[in-house]
Amino acid sequence: MEYLSIENAMKQAKGNVKIRGWVYRERGSNKLRFIIIRDSTNIIQCVFEKDTFQERFEELKNVQIETSIEVEGIIKKDERAPSGFEINATNFKVIGESANFPIQKDQSQELLNDNRHLWLRSRKMNAILKVRSTIFGAIHEYFRSQGFYEFHSPTLQSTQSEGGSDVFEVKYFDTKLYLAQTWQLPAEAGIFSLENIYTIAPSFRAEKSKTSRHLTEYWHAEMEMAWADFDTIISHGEGLLKHVVSKVLETNKKELEFLERELDDLTATASKPFVRMTYTDALKILKEKCNLEVEWGKDLRTVEEDELSKLYNTPIIVTHYPKKVKAFYMKESANDTVLGCDFIAPKCYGEIIGGSQREENIDEIKSRLKEQGEDPKDYEFYLDTRRYGSVPHGGFGLGVERIITWICGLDNIRDSIPFPRTMVRYYP
Ligand code: 4AD
Ligand code: MG
């Protein structure tokens, strides 16, 4: 007889079934044991009666939490059981013992972090990781359906791109390289071959910030397009988020329910046009509606992004930031602004996308690099993209863990990735 997943056994709903998984909870008396088993799909209560098992019943007393086990029995509906079904066991086989599993009920966050490799088995992580998988699939799906090619930049790079202070240095034989902060600079060379390209890859930021939004290693979904104007770039950001959120709403109802996620902003994101405003308008709104005064030229801080996000239930697209708060490659626009945009998530989940039209003027790029203390000579390969057949182009980057955190409604970005890397956490 074939093994069924717990989900499929429950679909079968009656008759004989054979399942396998790990012990999630166990309790009982000298005559009866209730063992809840989990697999990747669900949990189910199995009942073991002394009358059925006779002397083998003693074996069950050693079956502790996280023991791996195979169970055969008769499945039936039971409203009182945790997932609405119960298996009356007729046979079982312990596969791997488990003595004193380190995670029991009500443990501190620190202990869960130290035992991350074991905490992955929790129902909460199981639900989040399923949503995460849907999101990665949906990103590939969106770009491929729009005619983008997948393109890869090196992780070991010879220059910084998003600001020298946040970059990890790597000893590389007799020289020094940097872990990629973004795929962008090599990708800007790639569009001259493939025109429309995307990637999902790890990016690294040595930010010394212990916030609930920052990882030092995160997955970055990025796109770059030849011949594109600012509006086209922004529309793809909106299209991508709509597709991802719709896909999760369609695929992961059960998980969102388990995570107790209210869906108002997600359904709005999937169906309504996003709010769009310039940086200058954002300052006006912050002053009028939130009583927050920001001096023109200062970057928006977390508090300001959060207050703005409370006013709407879709992401907000803020455009035309002051040139001096943005990266060297963004195209200059009127009044000391750039054609750069940030997408701010609803419900105080912060910046989820950063993008821009790229500067084509080579002298402007060189002078902005120098202002940041960089030597333009180190960027010769990049400057060649402006020398040989330059075209209008642009792109954006989306922080995948940032949207998982938002979509799952998590308190901390740490739980959006299996093995988080932060300033203070790099084991396991
Ligand atoms: O705004 P950023 O720095 O933009 C870039 O890297 C551009 N080169 C992207 C491009 O145009 N191709 O980063 C993009 C996104 C942010 O909006 C945020 O969602 C995410 O990356 N991000 C982080 N996510 C988790 N932890 C961190 N430390 C992050 N830093 C940025
Ligand atoms: Mg940014």
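Just so you know, ligand 1 is whichever comes first in the structure, and atom 1 is the first atom listed for that ligand. Since the structure is predicted, the reported quantities are computational estimates derived from the model, not experimental observations.
Within the 4.5 Å cutoff, side-chain heavy atoms of F101 are placed close to those of L118. In this structure, F274 and I316 have side chains that are not in contact, with every pair of non-hydrogen atoms separated by 4.5 Å or more. Contact of the R425 side chain with the R116 side chain is not registered, since no non-hydrogen atoms from C-beta on lie closer than 4.5 Å. Between E66 and R38 there is a side-chain heavy-atom pair separated by less than 4.5 Å. Contact check for Q181 versus F204: no side-chain heavy atoms found under the 4.5 Å cut-off. Proximity of P315 to P346: side-chain heavy atoms (C-beta onward) are separated by under 4.5 Å at one or more points. Proximity of V63 to I35: side-chain heavy atoms (C-beta onward) are separated by under 4.5 Å at one or more points.
Under 4.0 angstrom from ligand 1, the non-hydrogen atoms of Q184 all belong to its side chain. Proximity of I353 to ligand 1, defined as any heavy-atom pair under 4.0 Å, is confined to the backbone N, CA, C and O atoms. Contact annotation: for W406 versus ligand 1, there are no heavy atoms closer than 4.0 Å. In E207, the part holding a heavy atom less than 4.0 Å from any atom of ligand 1 is the side chain. Contacts between Y218 and ligand 1 below 4.0 angstrom, taking non-hydrogen atoms only, involve the side chain exclusively. At a heavy-atom cutoff of 4.0 Å, ligand 1 is contacted by the side chain of R402 but not by its backbone. The part of R358 lying near ligand 1 is the side chain, judged by heavy-atom distances below 4.0 Å.
Close N/O approach between L398 and ligand 1 is not found [any backbone or side-chain N/O within under 3.5 Å]. No N or O atom of E224 sits closer than 3.5 Å to an N or O atom of ligand 1. Residue G399 places at least one N or O, backbone or side chain, under 3.5 Å from an N or O of ligand 1.
In the vicinity of R213, heavy-atom distances shorter than 4.0 Å reach the ligand 1 atoms 25 (C), 26 (N). Atom numbering of ligand 1 starts at 1 in the shown order; those under 4.0 Å from a heavy atom of E222 are 8 (N), 9 (C), 10 (C), 12 (N). Those atoms of ligand 1 with a heavy atom of G354 less than 4.0 angstrom away are 1 (O), 9 (C), 10 (C), 11 (O), 17 (O). Per-residue contacts place Y329 under 4.0 angstrom from the following atoms of ligand 1 (heavy atoms of the residue considered): 7 (C), 8 (N).
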### Message
Applying ring pair (Phe, Tyr, Trp, His ring centres under 6.0 Å) to Y142 and H140, what does each step give before you reach the verdict?
### Response
CA-CA 6 Å; Y142 177 81; H140 283 290; over 10 Å; no
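Residue G395 places a heavy atom under 4.0 Å from ligand 1. Proximity of F343 to ligand 1 is not established, as no heavy-atom distance is less than 4.0 Å.
Nearest protein neighbour of atom 14 (C) of ligand 1, counting heavy atoms only, is H220 NE2, 3.3 Å. Residue, atom and distance of the protein heavy atom nearest to atom 4 (O) of ligand 1 are E162 OE1, 4.0 Å.
Taking the Mg ion (ligand 2) as reference, the nearest N/O/S atom within E351 carries the name OE2.
Between atom 9 (C) of ligand 1 and the options G397, C341, S416, the minimum heavy-atom separation is to G397. Comparing L215, V400, I352 by heavy-atom distance to atom 19 (O) of ligand 1, the nearest is I352. Taking all heavy atoms of Q181, R205, M223 into account, the minimum distance to atom 2 (P) of ligand 1 is reached by R205.
Y388 does not carry R386 over the face of its six-membered ring by the limits of under 6.0 Å from the centre and within 45° of the normal. Within the cation-pi definition used here (under 6.0 Å to the ring centroid, within 45° of the axis), R20 qualifies as a partner of Y3.
Among the backbone and side-chain atoms of E162, no N/O/S atom is found under 2.8 Å from the Mg ion (ligand 2).
Contact detail for R421 and Y427: the closest heavy-atom pair is NH1-N, 4.2 Å.
Separation of atoms NZ (K210) and CE (M423) is listed at 5.5 Å; rounding is to 0.5 Å.
Aromatic ring centroids of F148 and H236 lie under 6.0 Å apart.
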